[in-house]
Amino acid sequence: MKKNKSKLDEMQEKKLLKIEHNTLTLTSVGLLASIFIQQAILTEDSHVVIGESIVLLVFSLYMLIACIRNGIWDRSAKQPNMKEEHTDQLDRQLSSCFLLVCGFIYSVSCVARLSDHIWGNILDNIYIIDGCIYYVHYSL
Amino acid sequence: MEKNLNLKVACARKDMTQKDLAESIGVSRQIINAIEKGEYNPTIKLCLKICWALDTRLDELFWEDEINEKE
């Protein structure tokens, strides 16, 4: 199928990208808030938020992989200099991988009904805190 | 960014309004207005289209000294 050619000019395209960016930020923060509220305040049953968690995990995974593939680690940081910022870059890579692993284990724990156990609860907390840090770091 | 007076002058020299120029290069009038006001930084492709439409060179319309760029 042929894709419709955009009839917007470049300034409108740029504005649309900005609008989409804001929408995505609002959506992802809202999703994270809804998970947090449902799990921490309304109910302790993790199965209620499986759908939201999977969406958030897929979204985070996509963002993480896209950033890694393009070598983008931080908006405010200088372009990576392998000699000077090697440690800093390694730190970011490790924290990203840590988030990925935590998110994966959390999803598995939801499905495998591990959340009733102590490890499930610990992973819940790590995931939520790490998710908050991730969003503050990348989205806002 | 500073106002792009060169663009305004070039349009006047060709007796073209913002609307005429916008229509000839296939963009909205707002984008031409934003470029003139210095509110929008156009891509090199759009700069070239404007130059071809106004029969001018790129540096005549869009050249800025380094000091202006830093500001």
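Quick note on labels: first sequence line is chain A, next is B, and so on, each numbered from 1.
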Would you say A/Val58 and A/Leu26 are hydrophobically clustered, going by side-chain heavy atoms of ILVMFWY under 4.5 Å? no
Are B/Ile31 and B/Ile44 connected in a single hydrophobic cluster, I mean Ile/Leu/Val/Met/Phe/Trp/Tyr linked by side-chain heavy atoms less than 4.5 Å apart? yes
Answer yes or no: are there more than 12 heavy-atom neighbours, outside B/Asp59 itself, under 6.0 Å from its atom CG? yes
Honestly curious: do B/Leu58 and B/Val27 fall in one hydrophobic cluster under the side-chain, below-4.5 Å linking rule? yes
So if you build clusters from Ile, Leu, Val, Met, Phe, Trp, Tyr with side-chain heavy-atom gaps below 4.5 Å, do B/Val9 and B/Met16 land together? no
Give me a line-by-line list of donor-acceptor atom pairs from chain B to chain A that are under 3.5 Å apart, or tell me none exist.
| residue | atom | partner | partner atom | Å |
| --- | --- | --- | --- | --- |
| B/Ser28 | N | A/Asp9 | OD2 | 3.0 |
| B/Ser28 | OG | A/Asp9 | OD2 | 2.6 |
| B/Tyr40 | OH | A/Glu10 | OE2 | 3.0 |
| B/Thr43 | N | A/Glu10 | OE2 | 2.9 |
| B/Thr43 | OG1 | A/Glu10 | OE1 | 2.6 |
| B/Thr43 | OG1 | A/Glu10 | OE2 | 3.4 |

Please say yes or no: joined through hydrophobic side-chain contacts below 4.5 Å, possibly via intermediate residues, are B/Ile50 and A/Leu8 part of one cluster? no
